[in-house]
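Report on the following structure.
The chain is numbered in sequence order, starting from 1. Please read all numbers here as calculations on a predicted model, not as lab measurements. Counting starts at 1 for both ligands and their atoms, following the listed order.
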Amino acid sequence: MAQQWRAQTPGSPENWTFAEIEVPEPGPGEVTVRVHAAGVNPADAKHVAAPRPGVIFPVPIGYELSGEVTAVGPDAVGGSGPLTVGDEVVAFRVQGGYATELTLPARDAFAKPAALSHAEAANLLLAGTTAAEMIQVTRTTAGETVLLHAASGAVGVSLLQQARALGIRVIGTVGPDADDSAARVRKFGGLPVAYGDGLTERVLEAAGGAPIAAAWDAAGTDEALAVSLALVAERDRIVTIVSPQHAETHGILWIAGARPESARFRDIARARVLELAASGDLEVPVARTYPLADAPEAVRFVMQGHPGGKVALLS
Ligand SMILES: NC(=O)c1ccc[n+]([C@@H]2O[C@H](COP(=O)([O-])OP(=O)(O)OC[C@H]3O[C@@H](n4cnc5c(N)ncnc54)[C@H](OP(=O)(O)O)[C@@H]3O)[C@@H](O)[C@H]2O)c1
């Protein structure tokens, strides 16, 4: 028997249950993974907070994990090649990663980069592939200067590192009193500026005369929208991952993992993100770990909006 967190009905993490589950033997094209760490993302709570079209409850929680293969089904081939029992893997996108063991499609399990701990690896791919898609849809290229809202967050920090690898210059917003956020942005090659009144002027000063070619919004605030619109000439070079309303009203881009075109891009982007991590060019700062049994507390910590790094559930 294994254990898994599930939302039985729409609602907050307090209503989730930590249930005993029977883990099925892997069928054709599947593997079973003993989970060592599950990545915690804001989407884990957001997606089950209220009824959503096409979502049938109960919903197993958690989109990404890192662990060890315990069984391999017939004809199962991993995302990065053949898998055998004992292999350390990272898996994304899964359903129900907040578990002690999970059977999943083998194509979604990849060799874990040795340089990453399980807590880091479990948090690499959701943020990493989102960041890769933000760069791609805004057509950003080497030498350009980009404005990044919420630069110190999980997606922000991945964007900073992927942009650095591509030669893109990033000005990133951080909390006005958040010295640790600013330090994190600098560490990963960005120029931090405080969000809040006067943001447009601070960004222009940091840009030093360079045009702001694109904006990446991981904050979703009205301020992020207004400043992006004021500074970026082309609306289809502004992307938000938080506010579909802003996209609809103002003609900017919105992407989300649940959209088929995003899912297709991100599935392909997994290999590149793993490669960057394996070569040491993409770190995953982890702020805290919690025992799997304390998942609701871990999720609450992330949802307060300033976690200061990723959070992993260990089992
Ligand atoms: N659409 C998608 O595919 C997709 C994928 C991944 C994530 N997301 C969404 O993107 C958002 C960020 O995710 P994450 O995992 O990076 O979050 P995170 O690690 O929890 O970080 C939150 C970030 O928000 C910043 N922030 C908080 N209040 C802000 C404000 N008023 N103005 C500007 N920035 C503010 C924080 O900066 P300071 O701490 O410096 O204040 C921090 O950098 C979440 O809403 C998440 O649901 C969407």
Return yes if some donor-acceptor pair links the side-chain N/O of R202 with the main-chain N/O of A194 below 3.5 Å, else return no.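 The answer is yes, because a donor-acceptor pair under 3.5 Å joins these two groups.
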
Passing option when L313 is tested against V40, T289, I61, V35 for side chain to side chain contact (heavy atoms under 4.5 Å, CB included):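 Only match with L313 under side chain to side chain contact (heavy atoms under 4.5 Å, CB included): V40.
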
Hey, can you pull the donor-acceptor pairs under 3.5 Å for the side chains in residues 19-26, sequence neighbours left out?
none

What is the distance from atom OG1 of T70 to atom CZ of R34, rounded to the nearest 0.5 Å?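 The CZ atom of R34 is 9.0 Å from OG1 of T70, to the nearest 0.5 Å.
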
Applying salt bridge (Lys or Arg N to Asp or Glu O under 4.0 Å), name anything that partners E101, two or more places apart in sequence or on another chain.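 Counting only residues at least two positions away or on another chain, E101 forms no salt bridge (Lys or Arg N to Asp or Glu O under 4.0 Å).
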
Set of residues that line ligand 1, where lining means a heavy atom lies under 4.0 Å from it: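 The answer is P42, K46, L126, T130, A150, S152, G153, A154, V155, V174, G175, S181, Y195, A218, A219, T221, I241, V242, I255, A256, G257, R266, G305, H306, P307, counting any residue whose heavy atom sits under 4.0 Å from ligand 1.
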
Donor-acceptor pairs are to be reported for all side-chain atoms of residues 148-163 against protein atoms at under 3.5 Å, with residues two or more places apart or in another chain.
residue	atom	partner	partner atom	Å
H149	NE2	A224	O	3.3
H149	NE2	S228	OG	2.9
S152	OG	S181	OG	3.3
S158	OG	Q162	NE2	3.0
Q161	OE1	E283	N	2.6
Q161	NE2	V157	O	3.1
Q161	NE2	E283	O	2.9
Q162	NE2	G128	O	2.9

